[in-house]
Amino acid sequence: MEKNIAVIKGDGIGPEIVNEAIKVMDKVAEKYGHKFNYTEVLMGGIAIDTVGVPLPQETIDKCLASDSVLLGAVGGPKWDKGEGKMRPEAGLLGIRGALKLFANIRPAKLLKPLASACPLKTDITDQGLDLVIVRELIGGAYFGEKKTYVNENGEKTASDLMIYSDHEIERICRVAFDMAKKRRGKVTSVDKANVLDSSRLWREVSHRVAAEYPDVEFSDMLVDNTAMQLVRNPAQFDVIVTENLFGDILSDEASMITGSLGMIPSASLGEGSLGLYEPIHGSAPDIAGQNKANPIATILSAAMMLRYSFDMGKEADAIEAAVDKALEAGLRTGDIMSEGMTLVSCSEMGDRIAGFID
Ligand code: NAD
């Protein structure tokens, strides 16, 4: 199979980690008889410096014309003082909207070789930790009307409108239920229906969709309780579905209990097969350019691309197995290093994982 992939390396450690993911994908292509063509496009701080905007139209056009998009990370202190629309993060929100990617999928799984990096007590982690957060990505407070103004008392005031319509809730719930059917068959819908109107609509629509999936176990949970349950008893969760702001916070919490930011991939999907695949961490400016970054989250994001956009399940399995083998062999980048393990650089980790592809 031949596939065209738009590549956004971005800022900070972005180029280093994306290069390692490409190394591993090329090994997969060689072993399984595929051809991956890469087109590099600009987004984030580097796009601001080069063409004056965080998300050039050319980038959107090339991403839309590709089969899928691989992203490193964007942002850094150099661009922190820019106004909202001129910040690298505006590129991230913009590309998700332009590609109509409404579902963000983040797995959080505790890998055995990294169990010691988990901050939870072993009596909790012994129960297992393998969940997926399905987060609505282009609605809610991040995309609702924003206002900063001076109120009638002369005081500076700001507001962000949290807004959801029926179809936006329905389509994200369907993603969650379809995913649960391929996993352990359980969906927890997270909201704040005791306070928010948008959450009451969320609850109404999610129950309607749930009725179409009688084989999936379904329950609601308030977001504050979910934040607590994730550290108290994470084994109870299979698929969590929630709106944009709650999902942003809960998915970071879920990632942290698995050990390291450098390990967690993500996929953002829309109606078709085009997706955006990226690690959940940022551009790590503190270690950029030093060949120290952990490329595993980006390599696992590439595996998700093969699985969800290209329907290459075997190839995705091969990447995930190669990552497991590298960890079982004791190879560690600095962020996941522990006593008795072998410290490797970003590029060595990529080389070794590529070497384990079979
Ligand atoms: P960060 O995720 O970049 O870094 C947090 C800490 O984790 C740092 O100590 C960093 O060195 C470490 N870290 C992160 N990824 C790592 C990896 N792969 N290997 C080893 N260590 C890793 O978060 P931050 O410092 O809050 O943000 C830095 C910049 O990234 C900011 O400009 C922020 O806006 C941006 N950001 C971008 C994205 C994105 O592109 N999707 C996401 C989050 C933050």
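Order of appearance sets the numbers: ligands from 1, and atoms from 1 within every ligand.
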Shortest protein contact, [atom] (heavy atom only):
| atom | result |
| --- | --- |
| atom 19 (N) of ligand 1 | Asn294 N, 2.8 Å |
| atom 33 (C) of ligand 1 | Glu89 OE2, 3.6 Å |
| atom 25 (O) of ligand 1 | Pro285 CD, 4.5 Å |
| atom 13 (N) of ligand 1 | Ala284 CB, 3.9 Å |
| atom 29 (C) of ligand 1 | Ser283 OG, 3.3 Å |
| atom 37 (C) of ligand 1 | Val74 O, 3.0 Å |
| atom 15 (N) of ligand 1 | His281 CG, 3.1 Å |

Inset, instruction - Kindly indicate, with the supporting measurements, whether the criterion side-chain hydrogen bond (donor to acceptor under 3.5 Å, both in side chains) is fulfilled by Trp79 and Asp11. - result: CA-CA 11 Å; Trp79 304 281; Asp11 309 312; over 6 Å; no

Inset, instruction - State which residues pass ring pair (Phe, Tyr, Trp, His ring centres under 6.0 Å) with Phe177; sequence neighbours excluded, sorted by chain then number. - result: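 Per chain and number, Phe177 pairs via ring pair (Phe, Tyr, Trp, His ring centres under 6.0 Å) with Tyr213, Phe218.
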
Legend entry - Set of ring pair (Phe, Tyr, Trp, His ring centres under 6.0 Å) partners for Tyr164, sequence neighbours left out: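 Expected list: Trp202.
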
Legend entry - Pairing of Arg174 and Glu170 as salt bridge, 4.0 angstrom limit: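 A salt bridge links Arg174 with Glu170.
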
Legend entry - Asp286 near ligand 1 by a heavy-atom separation under 4.0 Å: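 Asp286: in contact with ligand 1 (<4.0 Å).
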
Inset, instruction - Determine, counting only non-hydrogen atoms of the protein, whether one lies under 4.0 angstrom from atom 40 (O) of ligand 1. - result: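 Given the 4.0 Å cut-off, atom 40 (O) of ligand 1 counts as touching protein heavy atoms.
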
Inset, instruction - Name the option, out of Ser266, Gly282, Ala297, Gly76, that contains the heavy atom nearest to atom 32 (O) of ligand 1. - result: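 Answer by nearest heavy atom: Gly76.
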
